[in-house]
Enquirer: 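Just dropping this structure here.
Whatever order the structure lists them in is the order used to number ligands and atoms, beginning at 1.
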Amino acid sequence: MTFSIAHAEQELQKRSATLNPRWYPRYHLAARAGWMNDPNGLVWFDGWYHAFYQHHPYSTQWGPMHWGHARSKDLVHWEHLPVALAPEGPEDKDGCFSGSAVVDGDTLALIYTGHKFHGDPGSDDNLYQVQCLATSRDGIHFERQGQIIDTPAGLHHFRDPKVWREGDTWYLIVGSRVGDTGQVRLYSSADLRQWQEEGVLAEAQEGMGYMWECPDFFTLNGKRILMFSPQGLAAEGYRNRNLFQSGYLIGDWQQGQPFSTDGEFIELDHGHDFYAPQSFLTPDGRRIVIGWLDMWESPMPEQQDGWAGMLSLPREIRLGADNRLQMVPAEEVATLRGSYYPLLAQQLHNQRSHIVDDAEAIELELVWSMKSATAESYGLALGDGLRIAVDTQAQRLTLERRYPQFALEGTRSIALPAGDRLSLRIFIDRSSVEVFVNDGEACLSSRIYPLEGQRELALFASNGRATLHSGGYWPLDK
Ligand code: FRU
């Protein structure tokens, strides 16, 4: 099959007309139809935020990757635009893989991975990944400029370029696999076209993964953060529970030197579904991260509805005094709020306290007093499928989902924060939940699949008492 943007558009029009909306997000970005994975090319250009994404318009399964495209004035109301890239050229004939965008004068430049097999696609020995450039003046139509970096000799997995500028120099990092060691390689350029190798910026120490996908490198409070998505980390107690992780290393970097870090990899999100995050800057200097709100090889029940995959809320990241990243919803997210409904401060005793019948798009703020609680478990429930609860025996905040009919069952958790107050901002959309703990200390994000009649939202306390100190909610309107 030969691919083109026009053909992809026809297919999307046809497919989006028959989509079942029961789990389709009300206020998150998802493809019009078909498959979506990583966010790509997040950038502010010419008065708009642009979000591109890995996209397969022809089915709800991953396939030859296109770049889907949407734009927004405020990071929460998105307008779909035509597919930006299709795998049309010899350099990307098997897929336009992940990458980034930069503004170069009056031009929007996309730098992405051309994915191609020379021969049998069944073997990695035939795989070549090269870095490519496409440019646009209007931010909608892109001209392919072809390959800008070839696969280094001996490598096969070499993808996901992230580009930024420092002074007069463009830098590019790219994730690679050398034997069974994940690496990030650095390049520099004066014009986005000719690139010089600058060596290895960072590589996996023992146990830190065989491939590092989607690297990103930026400064916060004078420290350098290397954010990436490693493959091949073993689960360890409560850590690294998902198939693949996403997280960061903190350190220092001078041009011409390797990245110096203590090597402690910290996960960004503790839910079931968060991968391949990418960051970008707002015009007023905030560093925002958006991730793919899914996990590879996890069941995606929305595939039966004609679509698959969605992006997370935009999250502002800051570096805390403890040298940890904090993530809070970007302030624009509050513009989605409808009227405010306060919840009464209350003691719950072995009971369920009803909030709303049909929570489809809602933000809640709940502040619990933990010290006085005797309940073994207390928190928020959505139908029988989702619980966000304090487990007082384990001393953990847990997110438990139970959708056995879709083979999605299990718990993710974090240690309870110190102190008496547990403050939660919880965002529920038709098939997702994102929990922000104590103003950014931690975050848990998961996909959920409530069926008809399973969206009753309630507070609960089992085997004892719990105290809701304060709280309220906002229906989120489009
Ligand atoms: C990460 C990733 C990238 C790759 C893309 C392919 O989820 O595997 O490394 O570029 O997805 O769709």
Side-chain angles (χ1 to χ4, degrees), residues 3 8 30-31 34-42 51-69 83-87 91-101 110-117 121 124 127-132 134 147 149 151 155-163 172-178 182-185 204 209-216 226-233 242-247 267-269 272-279 289-298 300 308-312 445 447:
F3 296 105
W35 167 277
M36 148 193 283
N37 57 288
D38 315 356
N40 294 155
L42 304 176
F52 302 84
Y53 50 87
Q54 291 286 281
H55 187 26
H56 188 218
Y58 298 91
S59 92
T60 58
Q61 310 285 327
W62 187 87
M65 284 290 107
H66 295 54
W67 273 37
H69 188 192
V83 165
L85 297 172
E91 69 281 9
D92 57 17
K93 72 177 178 65
D94 295 308
C96 301
F97 271 23
S98 285
S100 52
L110 308 182
I111 302 93
Y112 67 98
T113 297
H115 174 75
K116 54 180 181 162
F117 288 94
D124 269 9
L127 171 65
Y128 292 89
Q129 296 187 322
V130 299
Q131 314 318 318
C132 303
Q147 173 182 310
I149 301 179
T151 321
L155 292 199
H156 294 282
H157 292 270
F158 177 66
R159 59 177 173 269
D160 309 338
K162 176 81 201 265
V163 178
L172 178 155
I173 48 172
V174 60
S176 23
R177 173 175 184 165
V178 180
Q183 263 192 356
V184 174
R185 295 191 170 207
Y210 58 80
M211 170 68 195
W212 286 6
E213 298 191 308
C214 301
D216 197 342
L226 179 65
M227 182 170 87
F228 59 105
S229 296
Q231 296 180 303
L233 302 200
N242 296 333
L243 176 62
F244 301 140
Q245 277 54 54
S246 56
E267 281 182 88
L268 255 187
D269 190 291
H272 296 87
D273 298 292
F274 189 78
Y275 194 65
Q278 186 178 89
S279 83
V289 161
I290 297 180
W292 179 39
L293 212 57
D294 289 283
M295 185 51 57
W296 287 111
E297 290 173 43
S298 184
M300 297 169 84
M310 59 186 279
L311 298 187
S312 75
S445 308
R447 297 296 304 277

Enquirer: For ligand 1, is there an atom lying under 4.0 Å from some heavy atom of Thr113?
Expert: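 Per 4.0 Å heavy-atom rule, Thr113 does not contact ligand 1.
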Enquirer: Return the orientation label for the His115 and Phe97 ring planes: parallel under 30°, perpendicular over 60°, tilted otherwise.
Expert: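 It falls in the parallel class, under 30°.
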Enquirer: Is the centre of the Phe3 ring less than 6.0 Å from the centre of the Trp67 ring?
Expert: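 Here the rings of Trp67 and Phe3 have centres that are no less than 6.0 Å from each other.
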Enquirer: Are any side-chain N or O atoms of Ser59 and backbone N or O atoms of Gln61, one a donor and one an acceptor, separated by less than 3.5 Å?
Expert: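 Yes; judged by distance alone, with no hydrogens or angles, the pair exists.
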Enquirer: Is the contact between Tyr275 and ligand 1 made by the side chain, the backbone, both, or neither, using heavy atoms and a 4.0 Å cut-off?
Expert: side chain
Enquirer: Could you check whether any side-chain N or O of Thr113 sits under 3.5 Å from a backbone N or O of Asp160, counting only pairs where one atom can act as donor and the other as acceptor?
Expert: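 Yes: the side chain of Thr113 pairs with the backbone of Asp160.
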Enquirer: Got the closest protein heavy atom to atom 7 (O) of ligand 1, with its distance?
Expert: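 Its nearest protein heavy-atom neighbour is Asp38 OD1, 2.7 Å.
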Enquirer: Give the residue and atom name of whichever protein heavy atom lies nearest to atom 9 (O) of ligand 1, and the separation in Å to one decimal.
Expert: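 So the nearest neighbour among protein heavy atoms is Asp160 OD2, 2.7 Å.
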Enquirer: May I ask you to identify, for Asn37, whether its side chain, its backbone, both or neither come under 4.0 Å of ligand 1 on a heavy-atom basis?
Expert: side chain
Enquirer: So which heavy atom in the protein is nearest atom 8 (O) of ligand 1, and how far is it from that ligand atom?
Expert: Glu213 OE2, 2.9 Å
Enquirer: If we only count heavy atoms from C-beta on, is the Asn40 to Gln54 side-chain gap below 4.5 Å?
Expert: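 They are in side-chain contact.
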Enquirer: Would the Tyr58 and His66 ring centres measure less than 6.0 Å apart?
Expert: yes
Enquirer: Give a yes/no verdict on whether any heavy atom in Trp62 is under 4.0 Å from an atom of ligand 1.
Expert: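 Yes, Trp62 has a heavy atom closer than 4.0 Å to ligand 1.
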Enquirer: As an exercise, identify every atom of ligand 1 less than 4.0 angstrom from a heavy atom of Met65.
Expert: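 So the answer, numbered in order with elements, is 12 (O).
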Enquirer: Establish, yes or no, whether a centroid distance under 6.0 Å links the rings of Phe274 and His272.
Expert: no
Enquirer: Would you call Trp296 a ligand 1 contact, heavy-atom distance under 4.0 Å?
Expert: yes
Enquirer: For ligand 1, which atoms have a heavy atom of Ser98 less than 4.0 angstrom away?
Expert: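 Near Ser98, the atoms of ligand 1 are 5 (C), 10 (O).
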Enquirer: Is the shortest N/O to N/O distance between Gln54 and ligand 1 below 3.5 Å?
Expert: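 Between Gln54 and ligand 1 (N or O atoms, distance only) the closest approach is under 3.5 Å.
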Enquirer: Rounded to the nearest 0.5 Å, what separates atom CD in Gln129 from atom CZ in Phe158?
Expert: 9.0 Å
